[in-house]
Amino acid sequence: MALSASVTATGDVTAGAASVLAVQVRATAAAGTVVLKDGGAGGTTKLTIYTPASAAATVVVPIPGGGILFAAKVHATLTNADGLTVVYQ
């Protein structure tokens, strides 16, 4: 069963291991990035998403094939992004 979690600032998205199945990012007026790391702020980068300079934009990234495995936890660093929703199992 898939779960989802949302954040509006840099921080941990999950408390434990997860396979990320999809990501949705709300952009801001300035171009930005969302970096997902395994294990915390100093962990291994697993996914980087670039967002356009558009306050009305939403970037949706489905991840096929069972998703991306985060062995410890999912940590997100948001730069010029208003929010992030991660679908995981």
Side-chain angles (χ1 to χ4, degrees):
M1 179 167 116
L3 304 169
S4 67
S6 298
V7 295
T8 57
T10 293
D12 293 339
V13 180
T14 66
S19 289
V20 173
L21 306 173
V23 177
Q24 179 179 347
V25 181
R26 284 191 319 270
T28 65
T33 59
V34 171
V35 179
L36 298 184
K37 294 186 177 188
D38 187 359
T44 302
T45 298
K46 296 282 195 151
L47 180 65
T48 301
I49 301 167
Y50 297 92
T51 62
S54 171
T58 299
V59 177
V60 178
V61 180
I63 301 167
I68 299 172
L69 177 62
F70 289 73
K73 63 182 172 183
V74 180
H75 178 86
T77 302
L78 281 64
T79 304
N80 294 329
D82 279 345
L84 166 74
T85 299
V86 173
V87 177
Y88 65 96
Q89 60 182 19

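By convention here, the first residue in the shown sequence is residue 1. Heavy atoms only: backbone and side chains are in, while hydrogens, waters and symmetry mates are out.
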If you compare all heavy atoms of [X] against all heavy atoms of [Y], which two are closest, and at what distance to 0.1 Å?
X	Y	result
T14	K73	O-CB, 3.4 Å
A18	V74	CB-CG2, 4.2 Å
H75	T10	NE2-CG2, 3.8 Å
S19	G66	CB-O, 3.6 Å
A53	A29	CB-O, 3.3 Å
V59	P52	CG2-CD, 3.8 Å

Practice task
Quick one: which residue pairs count as a side-chain hydrogen bond (donor to acceptor under 3.5 Å, both in side chains) with a foot in residues 78-89, not counting sequence neighbours?
Solution key: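 Passing the test, one end in residues 78-89: S6-T85.
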Problem - Pairs touching residues 28-52 that satisfy side-chain hydrogen bond (donor to acceptor under 3.5 Å, both in side chains), sequence neighbours left out - result: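 Listed once each, the pairs would be none.
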With a 4.5 Å cut-off on side-chain heavy-atom distances among I, L, V, M, F, W and Y, is there a chain of contacts connecting [X] to [Y]?
X	Y	value
I63	L36	yes
V13	V87	no
F70	L3	yes
L69	M1	no
V61	V7	yes

Exercise for the section: Please go through V35's hydrophobic cluster and name the other residues, only I, L, V, M, F, W, Y counting, with side-chain heavy atoms under 4.5 Å joining them. Expected result: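 Members besides V35: none; it forms no cluster.
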Practice task
Calculate, to the nearest 0.5 Å, the distance between atoms CG and CG belonging to L78 and L84 respectively.
Solution key: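 The CG atom of L78 sits 5.5 Å away from the CG atom of L84.
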